[in-house]
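Both backbone and side-chain heavy atoms feed into the values below; hydrogens, waters and symmetry mates do not. When a residue number appears, it is its place in the shown sequence, counting from 1.
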Amino acid sequence: MKLKWSDWVIGVVTVTIRGGQPEQLVNRALEGGLQLASIGWTGDGKLQFDVSVSGYFRLKPFLKETGCRAHVVKRQGMPFWLVRVEKRKFFIAGIALFFIGIYLLSSLIWSVEVKGNVKLTEEEIVEAARQEGVFPLQWSFRMADTDIISKRLVNKLPKATWIGVEKRGTRIIIQVVETTEPDHRELENPRHLIASADAVITEIYTERGRAVVKKNAKVRKGQTLISGTLGGGAYMRSVVAKGSVRGLVWYEFNIASPMSQQVKVYTGEKKEKWYVVIGGRALQVSGYGKNPYELSETIVEEDKANFKSISLPFGRMKQTVMEVHTEEQKLSADEARAGGILQAKANVMTKAGSDAVIRDEIVLHEKTENGKVYMKVLFEVEQSIVKEMPLVQMQGD
């Protein structure tokens, strides 16, 4: 049973029931208001469930009534942890003082970071923040709400369009967005739009210039698609051709896909480490020692304490170190073929662009030898095929 924070605080025991009428015991206990969890049968035919410590003592009348006997097989929670460390009072006092110290230290602001500023100097921003009570070694509870500080800083720094203030543990991060003037783009030189590859046109849209090809037309690489010249003779003028052209392009790939692969497998061996978390710091309380596994993977679970809908600044964290090893997995010819084609499709999309669409794939040749599947595959891809070409101005006309 994975305990919630509230269950861990009050303590939970796992109980097995012997003799008597176990089913009747569960019914009577539930009718009596007890909360039982993880109810089930063990491998040797005994009824087992989880119940809180207080619920366990309230269970005795129902045991007597149904002729059952209870045996505690597992104890979890803070009461049992306190019993184990009762004789180590100085250790507990040290931990308590350590926690208090950590809490106090985590309540201080240790650094103020400024990001995003270019024209405004960091000194200007830090000084404005200091005037609003944001500076190193300031108690965080003495600061105003970050939204209020953000608005006040914008008023103090008119060159900033927006200022965000964020508290991350013991750090304050001030993100600045400065006012910018519109970019004055230089006039573009006249140009044609030409084909970047051999293709069959599927779509053409002209925003400026003159389209010289139509839908379904075959074009060669370098052929003009949208011309940057309008009119003729004395009335001819050059413009910046703009528009979009999509077409079908063909890619041929030679694929060699192995019929085996290395996979990660969990052995079932694991080591757990528990931490008490206060603020942005964690204190390890169990699972000491080095990682005993040559290869491993760590899974982190954090459980913050809550009071109603308020998240409290402390809790617990569990790190589970899982032992893993690699195994060679054999693949069928179909699996190897599918994996090779999938990798080839990824390469196609890298070359064709993120807006490309693979319309068809044709396996031209395939053979299997030396533990690999060899294929020659032709992909039909619809993609943008436009490329800019500056329009050369002729001298002497």
Side-chain angles (χ1 to χ4, degrees), residues 1-14 37-38 40 48 50 73-85 88 91-92 94-108 110-111 113 115 140 166-173 258 260-307 309-331 335 339 342-343 346:
M1 175 182 179
K2 182 180 179 182
L3 298 183
K4 297 180 180 178
W5 177 264
S6 56
D7 295 330
W8 187 83
V9 171
I10 64 176
V12 171
V13 294
T14 302
S38 303
Q48 180 174 292
D50 294 333
V73 296
K74 189 176 183 181
R75 299 170 175 83
Q76 302 178 78
M78 185 173 67
F80 306 107
W81 180 77
L82 291 175
V83 169
R84 287 195 295 269
V85 299
R88 306 175 67 182
F91 175 74
I92 296 174
I95 289 181
L97 292 174
F98 176 78
F99 286 166
I100 293 172
I102 290 294
Y103 177 74
L104 292 175
L105 291 175
S106 64
S107 298
L108 285 171
W110 288 100
S111 65
E113 300 179 18
K115 297 182 178 180
S140 58
E166 180 183 4
K167 183 178 183 297
R168 294 184 187 174
T170 59
R171 294 187 300 156
I172 293 294
I173 298 177
S260 64
Q261 63 180 5
Q262 296 293 322
V263 296
K264 181 177 66 176
V265 179
Y266 293 100
T267 66
E269 296 294 327
K270 63 182 180 180
K271 178 179 180 180
E272 292 184 350
K273 300 180 181 181
W274 283 95
Y275 298 81
V276 174
V277 179
I278 298 180
R281 289 174 169 76
L283 171 67
Q284 186 173 354
V285 295
S286 69
Y288 298 102
K290 296 181 179 180
N291 184 352
Y293 311 122
E294 184 178 354
L295 294 175
S296 63
E297 180 177 309
T298 301
I299 300 173
V300 178
E301 300 175 70
E302 188 171 352
D303 184 14
K304 284 291 187 70
N306 295 286
F307 178 72
S309 59
I310 302 174
S311 180
L312 301 178
F314 57 87
R316 59 178 183 165
M317 179 177 70
K318 180 174 77 169
Q319 285 186 350
T320 305
V321 182
M322 311 282 292
E323 183 183 27
V324 299
H325 71 273
T326 57
E327 290 183 355
E328 186 174 353
Q329 184 182 57
K330 299 295 183 182
L331 302 177
E335 290 173 332
L342 188 63
Q343 181 60 51

Under a 4.5 Å cut-off applied to non-hydrogen side-chain atoms, are [X] and [Y] in contact?
| X | Y | value |
| --- | --- | --- |
| R75 | V12 | no |
| M317 | D303 | no |
| Q48 | T14 | yes |
| Q319 | V300 | yes |

query: With sequence neighbours left out, what residues match E328 under salt bridge (Lys or Arg N to Asp or Glu O under 4.0 Å)?
result: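 Once residues adjacent in sequence are excluded, the partners of E328 under the salt bridge (Lys or Arg N to Asp or Glu O under 4.0 Å) criterion are K330.
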Which heavy atom in [X] sits nearest to a heavy atom in [Y], and how many Å separate them?
| X | Y | value |
| --- | --- | --- |
| G289 | K273 | O-NZ, 4.1 Å |
| K271 | G287 | CE-O, 3.4 Å |
| E269 | Y293 | C-OH, 3.7 Å |
| Q261 | L331 | NE2-CD2, 3.9 Å |

field: Evaluation steps, side chain to side chain contact (heavy atoms under 4.5 Å, CB included), between I172 and E113
entry: CA-CA 6 Å; I172 293 294; E113 300 179 18; over 6 Å; no
Look up atom [atom1] in [X] and atom [atom2] in [Y], then write down how far apart they are to the nearest 0.5 Å.
| X | Y | atom1 | atom2 | result |
| --- | --- | --- | --- | --- |
| E297 | E323 | CD | CD | 12.5 Å |
| Q76 | D50 | CD | CG | 7.0 Å |
| S140 | K167 | OG | NZ | 4.5 Å |
| Y275 | Q284 | OH | CD | 4.0 Å |

message: Assess whether a salt bridge exists between R316 and E302, defined as any Lys/Arg side-chain N lying under 4.0 Å from an Asp/Glu carboxylate O.
response: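 E302 and R316: not salt-bridged.
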- prompt: Taking atom NZ of K270 as the centre, does the number of heavy atoms from other residues, nucleotides or ligands within less than 6.0 Å exceed 12?
  reply: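 Counting neighbours around NZ of K270, 12 or fewer heavy atoms of other residues, nucleotides or ligands fall under 6.0 Å, so no.
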message: Is it the case that atom CD in E294 sees more than 12 heavy atoms from other parts of the structure closer than 6.0 Å?
response: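 Counting other residues, nucleotides and ligands, CD of E294 stays at 12 neighbours or fewer.
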task: Assess the side chains of T320 and E272: does a donor N or O sit below 3.5 Å from an acceptor N or O?
output: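 No, E272 and T320 have no side-chain donor paired with an acceptor closer than 3.5 Å.
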- request: Give the C-alpha distance, both sets of side-chain angles, the deciding distance and a yes or no for side chain to side chain contact (heavy atoms under 4.5 Å, CB included) between T267 and H325.
  value: CA-CA 7 Å; T267 66; H325 71 273; 3.2 Å; yes
